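Counting from 1, the numbers follow the sequence of the chain as shown. Being a predicted model, the structure only gives us computed values, none of them experimental.
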Amino acid sequence: MTEAHHDQNARPRTDVEEIDAALTELDGLADQPVAEHHDRLARVHEALHTALHEPSEQHRPADSTADVPS
């Protein structure tokens, strides 16, 4: 029986394009000068914040008022 090779360092995919794209920005960060880390991390933070707090139309419920009490 053979075991499937699983890369423990592989980043899991979220299937949310905006989040996956933001996390891709972290690739190679350790190879960059420390002086560049802040700007890259700030861009990733902003992209994640936007993706998580302002969901795209595809992730919104069809009827967002259904659970609003009257």
Start with the C-alpha gap between Leu48 and Leu23, add the side-chain angles, then the distance that decides, and say whether side chain to side chain contact (heavy atoms under 4.5 Å, CB included) holds.
-> CA-CA 8 Å; Leu48 290 172; Leu23 294 176; 4.2 Å; yes
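- When all heavy atoms of Asp20 and Pro12 are compared, the closest pair comes out as OD1-O, 4.5 Å.
- For residues 18-52, the set of pairs meeting the ring-ring contact (aromatic ring centres under 6.0 Å, His included) definition, not counting sequence neighbours, comprises His49-His53.
- When all heavy atoms of Ala22 and Val44 are compared, the closest pair comes out as O-CG2, 3.4 Å.
- The two residues Leu26 and Arg40 have their closest heavy-atom pair at C-NH2, 4.1 Å.
- With values rounded to the nearest 0.5 angstrom, Leu41 atom CG is found 5.5 Å from Leu29 atom CG.
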